[in-house]
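Hydrogens, waters and symmetry mates are skipped; everything else that's a heavy atom, side chains included, is used.
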Amino acid sequence: AAELIRNSGTALTVRAGMELTHLLLHPDEQIRTPRLLLLFWQGDDRMRGHNMLRRFILLHRTPQKDGKPVTMPLACMGKWELFEIANEATEKNQIAFAERYRQLGLDAEYFWIDAGWFEGYWPNGVGNWFARKDAFPNGLRGLSDAVKKMGMGFIVWFEPERVYDGTWLDRKHPDWILRATSTPNGLLNLGNPEAFQWLTNHISMIIESEGINVYRQDFNMNPLPYWRATDKPDRQGITEIRHIEGLYAFWDELLARHPGLIIDNCASGGRRLDLETISRSFPLTRTDEWDQHQQDEWDQYNSNGHARQCHTYGLNLYLPCSSTGSGEPDIYDFRSALSGGMNLHWNPYAADFPVEQAKRLINEFKRLRPFFYGDFYPLTVHSIGDDVWMAYQFHREDLGQGMFLAFRRPNNFELTARLKLRGLLPSGRYELSFEDTGNKQTFTGEALAAGIDVTIEPAPGSLLVTYHECP
């Protein structure tokens, strides 16, 4: 390995190192213990290293379809306050909600039912992985078939590792449940072969019978005390690693049994992002993003556009594929949430719902989505303050295209900012399209790298500019 590192190019070094690890440690089976990735780069520009990492992860550590990264979903879900998450969801009202999207011409790609569709409701029904018979007389299949006739895939929420006292799983298989405290929550031990096999078969059966396209796995507990309480002092960590190996094996088996399945790795919003999980899944909600200033604490997506900008800025240094949500079809709110995927948490029943603007934003996302699979460049410093500009750029070198987003936050008194674009050919000519005004301007790559002045009149306000290289 040392000889390879000395004598190989960067990409070969990483690939060869991974192949050696696989050969020496696991000759007969897929690695399911967490791996360490080292990526070597040279120079003074740290963004070169970050973008090499992004390209490597997109190519080797992102779910693939036909040799390319899987396209992340554009999903709509019933606004939580309308259906008490999904505790008041029924086949009838969920079909009606999906139909409302179609009636208004809002072309979401997936329909999402969240926590509460099962016996016992959320949060105390986890461990009852059976649809509520009063609400879903046909199981979830009736809803699934209906939304697919509307041209949408089907996303369903699960939390299989947390088991609440008195649920079916707790009653039938208490020996599979780890206990640590006096709380009513137990942890399903995925390191137990019988528990692992039952869960794999049961969830696989639900995916098949209910026509699920995206399996959403949440995790709303801290498992460490349960693992530690199970192991003797000289065996600490054994139950933990067996559980994590079981988790990876569980996902691998679901993907093998259901070609084309997408796994959404939620975990209370982005708390389970590692090299192994991102190889098998996407975080469709990369954060729960609670805002204590909101009266309605459940309306997480409508809470703070600035936080979403900060998450996009920080996370894209390392992870190309993630998504968050939009609480209202407001331009600033929506653009703050723009990522590789998008979750629409809108209320299309509202009397003042801005239909045309909502359509425009959906179309905007679909046009911009390919750029998130390219290189990333911050254009301003990172800040959580409300008196600054925040801007970043996504660039597709292979397409000769890209875009940048700029935000003027509410207490920022600077109307104009100077932004220096990255990744462009100095001698190339680029046509910039200012999406809000329709204006177009052409610059050389050298001029754009030196900086252009952009203006946003309202505060808060946003600016979206797309560009392409001229022949």
Pair up each side-chain donor or acceptor in residues 463-471 with any protein partner under 3.5 Å, not counting sequence neighbours, and list the distances.
residue, atom, partner, partner atom, Å
T466, OG1, E435, OE2, 2.6
Y467, OH, Q393, NE2, 2.8
Y467, OH, H395, ND1, 2.7

Note to self: For N316, give me all partners under side-chain hydrogen bond (donor to acceptor under 3.5 Å, both in side chains), at least two apart in sequence or on another chain.
What the structure shows: R54
Check: If you look only at pairs with a residue in residues 348-357, which of them pass as a salt bridge (Lys or Arg N to Asp or Glu O under 4.0 Å), with sequence neighbours excluded?
Finding: E356-K359
Checklist line | Minimum side-chain heavy-atom gap E397-R55 below 4.5 Å | finding: yes
Margin query: Once ring pair (Phe, Tyr, Trp, His ring centres under 6.0 Å) is applied, do any residues pair with F83, and if so which ones, sequence neighbours excluded?
Written below: F97
Check: What closest approach, in Å, do N265 and S281 show between heavy atoms, and which atom pair accounts for it?
Finding: CB-OG, 3.1 Å
Next item on the list: For G325 and A337, work out which heavy atoms get closest and say how close.
Entry: O-CB, 3.4 Å
Margin query: Once rounded to the nearest 0.5 Å, what's the spacing between atom OH of Y121 and atom OH of Y164?
Written below: 15.5 Å
Margin query: Counting only heavy atoms not in L399 (residues, nucleotides, ligands), do more than 12 fall under 6.0 Å from its CG?
Written below: yes
Next item on the list: State, yes or no, whether a side-chain contact exists between I263 and F250 at a heavy-atom distance under 4.5 Å.
Entry: no
Next item on the list: Indicate the atoms forming the closest heavy-atom contact of F365 with G340, along with that distance.
Entry: CZ-O, 3.8 Å
Checklist line | Under the ring pair (Phe, Tyr, Trp, His ring centres under 6.0 Å) test, residues paired with Y226 that sit two or more places apart | finding: none
Next item on the list: Could you check F154, F158, W251 and say which one makes a ring pair (Phe, Tyr, Trp, His ring centres under 6.0 Å) with Y215?
Entry: F158
Note to self: Counting neighbours of CD on E414 that are heavy atoms of other residues, nucleotides or ligands and sit closer than 6.0 Å, is the number greater than 12?
What the structure shows: no
Notebook entry, point to check: Cut-off 3.5 Å, side chains only: do D333 and S326 have a donor facing an acceptor?
Noted result: yes
Next item on the list: Give the intermediate values and the outcome of side chain to side chain contact (heavy atoms under 4.5 Å, CB included) for residues L188 and I177.
Entry: CA-CA 5 Å; L188 181 63; I177 314 302; 4.0 Å; yes
Notebook entry, point to check: Nearest 0.5 Å, what's the NE2-CG distance between H50 and L39?
Noted result: 11.0 Å
Notebook entry, point to check: For the residue pair R409 and G385, what are the closest heavy atoms and their distance?
Noted result: NH1-O, 2.7 Å
Could you pull out every donor-acceptor pair under 3.5 Å between side chains of residues 129-139 and any protein atom, sequence neighbours left out?
residue, atom, partner, partner atom, Å
R132, NE, G116, O, 2.9
R132, NH2, A86, O, 3.0
R132, NH2, N87, O, 3.3
R132, NH2, A89, O, 2.9
R132, NH2, G116, O, 3.1
N138, ND2, E91, OE1, 3.1
N138, ND2, E91, OE2, 3.3

Check: Are the side chains of T324 and N343 in touch, meaning some heavy atoms are under 4.5 Å apart?
Finding: no
Check: Stepwise, does the side chain to side chain contact (heavy atoms under 4.5 Å, CB included) test hold for T62 with V70?
Finding: CA-CA 8 Å; T62 299; V70 171; over 6 Å; no
Notebook entry, point to check: N220: what forms a side-chain hydrogen bond (donor to acceptor under 3.5 Å, both in side chains) with it, not counting sequence neighbours?
Noted result: E159, D218, S268
Note to self: Between T200 and R257, do the side chains contain a donor N or O and an acceptor N or O under 3.5 Å apart?
What the structure shows: no
Checklist line | Greater than 12 external heavy atoms within 6.0 Å of K148's NZ | finding: yes
Next item on the list: Kindly indicate whether the side chain of F394, heavy atoms from C-beta on, has any atom under 4.5 Å from the side chain of D375.
Entry: no
Item checked: Any donor-acceptor N or O pair under 3.5 Å, side chains R272, T277 -> no
Margin query: Walk me through whether D398 and Y373 qualify under side chain to side chain donor-acceptor pair (under 3.5 Å).
Written below: CA-CA 11 Å; D398 57 328; Y373 291 82; over 6 Å; no
Item checked: Full working for side chain to side chain contact (heavy atoms under 4.5 Å, CB included) between R408 and Y332 -> CA-CA 10 Å; R408 181 185 170 202; Y332 186 87; over 6 Å; no
Check: With a 4.5 Å limit on heavy-atom distance, are the side chains of I331 and R360 in contact?
Finding: yes
Check: Heavy-atom distance under 4.5 Å between the side chains of R216 and W112, does that happen here?
Finding: yes
Notebook entry, point to check: Could you state the interatomic distance from CG (N201) to CD1 (I206), rounded to the nearest 0.5 Å?
Noted result: 11.5 Å
Note to self: To the closest 0.5 Å, what do you measure between CD1 (I57) and CD1 (I278)?
What the structure shows: 4.5 Å
Checklist line | Student check: side-chain heavy atoms of M152 and R102 closer than 4.5 Å | finding: yes
Item checked: Ring centre gap for W157 and F118 strictly below 6.0 Å -> yes
Next item on the list: With the side chain counted from C-beta on, respond yes when E109 and K366 share a heavy-atom pair under 4.5 Å apart, and no when they do not.
Entry: yes
Notebook entry, point to check: With no hydrogens and no angle check, do the side chains of Q94 and W117 hold a donor and an acceptor under 3.5 Å apart?
Noted result: no
Next item on the list: Have a look at K79 and tell me which of E328, E84, E88 forms a salt bridge (charged side-chain N to carboxylate O under 4.0 Å, His left out) with it.
Entry: E328
Next item on the list: List in chain and number order the residues that pass side-chain hydrogen bond (donor to acceptor under 3.5 Å, both in side chains) with T455, two or more places apart in sequence or in another chain; answer none if no residue qualifies.
Entry: T416
Check: For H311, what residues pass the side-chain hydrogen bond (donor to acceptor under 3.5 Å, both in side chains) criterion, not counting sequence neighbours?
Finding: none
Notebook entry, point to check: Are T90 and N93 close enough that a side-chain donor and a side-chain acceptor fall under 3.5 Å?
Noted result: yes
Check: Which residues pass the salt bridge (charged side-chain N to carboxylate O under 4.0 Å, His left out) test with E99, sequence neighbours left out?
Finding: none
Next item on the list: Answer yes or no: does atom CZ of R429 have more than 12 heavy-atom neighbours from other residues, nucleotides or ligands under 6.0 Å?
Entry: no
Next item on the list: Identify, with sequence neighbours excluded, every residue that meets ring pair (Phe, Tyr, Trp, His ring centres under 6.0 Å) alongside F196.
Entry: none
Item checked: Six-ring centre of Y248, R280 cation under 6.0 angstrom, axis tolerance 45° -> yes
Next item on the list: Classify the ring geometry between W176 and H173 as parallel (under 30°), tilted (30 to 60°) or perpendicular (over 60°).
Entry: parallel
Notebook entry, point to check: Does any pair with a residue in residues 377-392 pass side chain to side chain donor-acceptor pair (under 3.5 Å), and if so which ones, sequence neighbours excluded?
Noted result: D386-N411
